[in-house]
Every structure is written in structure tokens, then in C-alpha cells.
There are 2 protein chains.
Amino acid sequence: MTKIDIISDAALKNGIRQFLETAPDIYMAGVSVDTVIFGFHHDKLKVLLLRFGNTPYFVLPGGYIKKEEDLDDAALRILQERTELQNIYLEQFYTSGNISRSNEKVAVELAFKMIGTIPNSNWFGQRFVSVCYYALVDDTKVNPVTEAFFTEVKWFDINKLPRVLYDHDNIIQKALKRLQADLDEKLAAFNLLGETFTMLELQKLYESVYQKKLVRTNFQRKMLSLGVLERLEKQYNGKSHKAPYLYRFAQTV
Amino acid sequence: MTKIDIISDAALKNGIRQFLETAPDIYMAGVSVDTVIFGFHHDKLKVLLLRFGNTPYFVLPGGYIKKEEDLDDAALRILQERTELQNIYLEQFYTSGNISRSNEKVAVELAFKMIGTIPNSNWFGQRFVSVCYYALVDDTKVNPVTEAFFTEVKWFDINKLPRVLYDHDNIIQKALKRLQADLDEKLAAFNLLGETFTMLELQKLYESVYQKKLVRTNFQRKMLSLGVLERLEKQYNGKSHKAPYLYRFAQTV
DNA sequence: GCAAAAGTGTTCTCCATACACCCATGA
DNA sequence: TCATGGGTGTATGGAGAACACTTTTGC
């Protein structure tokens, strides 16, 4: 087991102390928001996670709901703070509210070590019900932003996740299932790609979401039959084979 | 417009006052649970609603989460309190958290009149994020229970809903959509029927959920092909036509 | 026998699958 | 010319829709 190495940086402690002083005035108590941010890179489906302090543990990007803020707006704000993106595709998919989710030993122990003693009545000590959203982003446009509590923002392959705290692993799996269900239904896939893409890239994306191989020729026909793809010029890439067409998502709303 | 007639019953006021005194010690603040209870009766899909005080307005059965209680357990408890049923089919489907949902003029006005002045800082005055569940019940086994705040418990046809408070109408419509999606997927329909039923009853149920007519012969084949129906003896009902078979849901888990 | 509803069989179409085939490209 | 990947055509099978047909029941 990896040794847990806690930073003892005064600035970090001060940041946390300041948050704890102001949080109860700004945010709703007892309710939090967690977001599963999906990206697609190198033919793999990725999830954006935050390193918890200086430990080897990661958590989902999350936050709290301002007292005069709509729930969906809070999720969007939290995402924008973490990615600096506008126009994010966002779906609420689950609310997690078991007592045990907030009590996980490791997390509590780590929190204690990070900021010293935590009075039982303070912000982090309370029980939270967490409303969970998933987001689809073009990872090339994301500018990951860290903040006081977290020392690193990192993309992880959905199949090679690190150790995560709380019930966040469960939440990530639920998000994936929901994404699978939404992918065809809501034409959500194109939010994970850039402006243009080849048919093979699109296929790899579907394969990484459904976690299974698809038949190339039939996939192509199915995508074209949706009537939402615009075929652009061919993309010559120097490879010794036929150049693939580029496509653009052109939904006629 | 119907005149709003408010009861000024001392017992009701006392009940509410007592609740307000103890609630903050027992329940999480800021989070509530609302349930859409579906039943099926006389070939119609029904929803169980509570009359708000002595007004013509209705609300969804709902409640709060105890400080040491799992979210799903809270939903189950609230349902059991209202229906006296065990083993209820329950699905979480949405969490509603817009600021405006708690601020609807009519609701606030009614609450004021019911219990006199409400200090802004009290329990009902706070903002709630509501986690919503839908339940499927055999309505013949339900024993609707009223309580202090509500003067009537009543089944309503999904297409003939009364005026409901807050955003509960929106929640009901979302529940129906989710039920439609789950019906085939999770074989959920049988929770709405008694032990045995005819194919026609099952078809009427599907039609009332999907809100459209289905072709009798093809529906029969589809249901039988699921492999979860056990055919019992015929049901002679005195009508001058062939007697239908009775079926039982016999899922091999 | 007749009307009404229940149950079964048949055809047709659509769509997903499987796979054969040809095309374009650079080494 | 060859290997590699891209694009299109075609046969097949299964599921659902449409509808014809038979069976059962009480009057």
C-alpha cells in the first residue's frame, strides 16, 4: 500500500480555514454536487479527477450550491470553474444519499490530517446528499484548473481509474451506464469530439463508451443514416491507404 | 376560479406547530423527498395525491430525511407511511432544485394562511432540493393514510390531474416519461397488477402508460415471447365470448 | 346462428448483421 | 505491386406491423 504523504503547507491550511469560515453563509448545508466529466483522447474514454491534497487518492470535481442558485446552475458553475469551458453538455443522472458514503474511513482520516482537528460540527463533518451530473467535453478545449484543496487535475482512462474516495467509484460507473443509454438517444457523442472527425474516430468513441467492438462497415452505414453528418473533404494523413473523409456534426434542429 | 377555503382548526395548527418544533432536530435541512405513486384501476393509470389542508390544491406525498437515515430508506419510509404497503417497487428518477420551485406564490400564501405568520427562518420557509422517486403499487392493496397537514388522499387519473402546488406537475410528467422508458426494460408493469390478470388487462395497462393504442394480436405475441408469463386456467366471466386465460407473472430470477 | 372477444397463423417490411468486393494511397 | 485501411453492395435472419382466419362463449 502506498504511503500517504500529507502536505503541511501553511497556505493550503489557510485556504481551507477561510473556506470553512465562509461556507455556511454562502452555500446550502447538506447538499453537494458531483460531476463526472467525460473526455475522449487517443481512442480512449477519459474521466477528469482531482488529486486529494497530496495523497494518492482522487475525487470527482464537485462543489456546493449557493443559497440563491438553481441546482443546474450550480453544476454548470462548478464545471466551468474546473474546465473554463462554456456551453457544456450536462445531464443530471443520480442522487447519492447513503449515510455511509460520507463516513468512509480513509476520507475522514485524510481530512483530519490535512487541516488538523476537525470539530464534529464543522462543514466537512456534516452528512451530504450529492446530486450527480455527467458532462461531455471536447478535451482539447479544456483548461484544467486546480484550487486550494486539490493538487492535481488529471484525465484517467475509464478502465484505469486510480483509487477514488467516498462512493465516487460507484458514481462513475453509474454515469457510464447512463451515458451508454443516452448516446444514441440524444446524439450526445458529438460533444466529445472536435469540430471535424473521421468515421474511424467516431467508431472508436462509440466502442469506448459501449466497451465493445463494433463492425466497421455497418457502423458507417448506421451513422450516415442518422442524417446528421455532413461529409467534408478527404483527410490526407500520409498513411499508405485511402484517405478517409472528414465529417462534421450538422444537426438540423 | 374556486374560492380558497382555509380551515382554522386548532388541532391542525397544533400539529403543525409541534412538527415545526421538532423537525430541525430530526431531519436534514434543505433536502426533501417527493414520491409519485402510480396505480392502475379501471383501465386507467392513476397517481396518488394529497389535498393540501382544506384547499382545492393537491401535492405529491413527500417528506424529509432523518439525520441518520439512508436516502432510499427515507423514500421507502415515506411511502409506507402513506400506503401501509411493504415491498414497494421504487425508482429514483430526478432531483428538483430550482430556486423558484419553493417560492411559488400560491403555495406560500396558502401556508401563511394555514398556520398564521411564518417567520422567514422557519422550516417551511427554507429552500428545499427535492429528490424524486416513483413507486408502482397494486392499488387494491393500498390503504391511503392521511395526516395532520393533509385532509384527503386521493387517486387521480394521470390525464385528469387537479391543480397541484409547487413544481409537482412537472415532476409527475417526468415520472411518467421515466416509467415509459423503464416499463419494457425492467418488466416493471407487473408491480401495478394483482397476482393474476388477463392479457387484455395487461394491454390496457401498457396503453395507459404509453398513452397510445396497441395492436391486440401483436401485443399478445410480444408479451408471451418475454417468457415471464405463466398461463393459468381460463376466466369465465359470463360474457358472450371466448373466456380469456388468466396469467401470472413468474420471473425466473 | 350470431355477435363479440380471444387466440393463432401468414405475409411483408425494415433493420441489424455478416461478409464479399472494389478503391485509394504511399512505400 | 503490395499491404493497409476506407467505402459500397448484397444476402440473410429476426422482430415488429398489418391483417386474415379460427375458436369460444352466451344469447
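Numbers restart at 1 for each chain; the letters A, B, ... are given by sequence-line order, proteins then strands.
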Parallel, tilted or perpendicular: ring planes of A:Phe52 versus A:Tyr166, cut at 30 and 60 degrees: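 A:Phe52 and A:Tyr166: perpendicular rings.
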
Where do [X] and [Y] come nearest, in terms of heavy atoms and distance?
X	Y	result
A:Gln180	A:Val209	NE2-O, 2.8 Å
B:Glu84	B:Val145	CG-CG2, 3.7 Å
B:Val215	B:Gln203	C-NE2, 4.3 Å

How many Å lie between [atom1] on [X] and [atom2] on [N], as a whole number?
X	N	atom1	atom2	answer
B:Arg231	C:dT8	CZ	C1'	10 Å
A:Leu246	D:dG5	CG	P	18 Å
A:Lys242	C:dC21	NZ	C1'	11 Å
B:Leu229	C:dG7	CG	C1'	15 Å

Intermediate values then yes/no, side chain to side chain contact (heavy atoms under 4.5 Å, CB included), B:His168 and B:Phe58: CA-CA 9 Å; B:His168 287 190; B:Phe58 285 78; over 6 Å; no

Full working for salt bridge (charged side-chain N to carboxylate O under 4.0 Å, His left out) between A:Glu69 and A:Arg77: CA-CA 10 Å; A:Glu69 180 181 45; A:Arg77 170 179 55 78; 2.7 Å; yes

Residues from residues 199-221 of chain B lying under 4.0 Å of DNA chain C - heavy atoms: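 Close to the strand are B:Leu200, B:Arg216, B:Thr217, B:Gln220, B:Arg221.
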
Residues that A:Lys160 engages under side-chain contact (heavy atoms from CB on, under 4.5 Å), provided they are two or more places apart: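 Partners of A:Lys160 by the side-chain contact (heavy atoms from CB on, under 4.5 Å) criterion, ordered by chain and then number, come out as A:Asp157.
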
CG/A:Asn87: more than 12 non-hydrogen atoms of other groups inside 6.0 Å: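 Check fails, neighbour count at 12 or below.
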
Angle between terminal axes - the helix from C:dG1-D:dC27 to C:dA27-D:dT1, 5 pairs each end, rounded to 10°: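 Between the first-five-pair axis and the last-five-pair axis there is 20°.
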
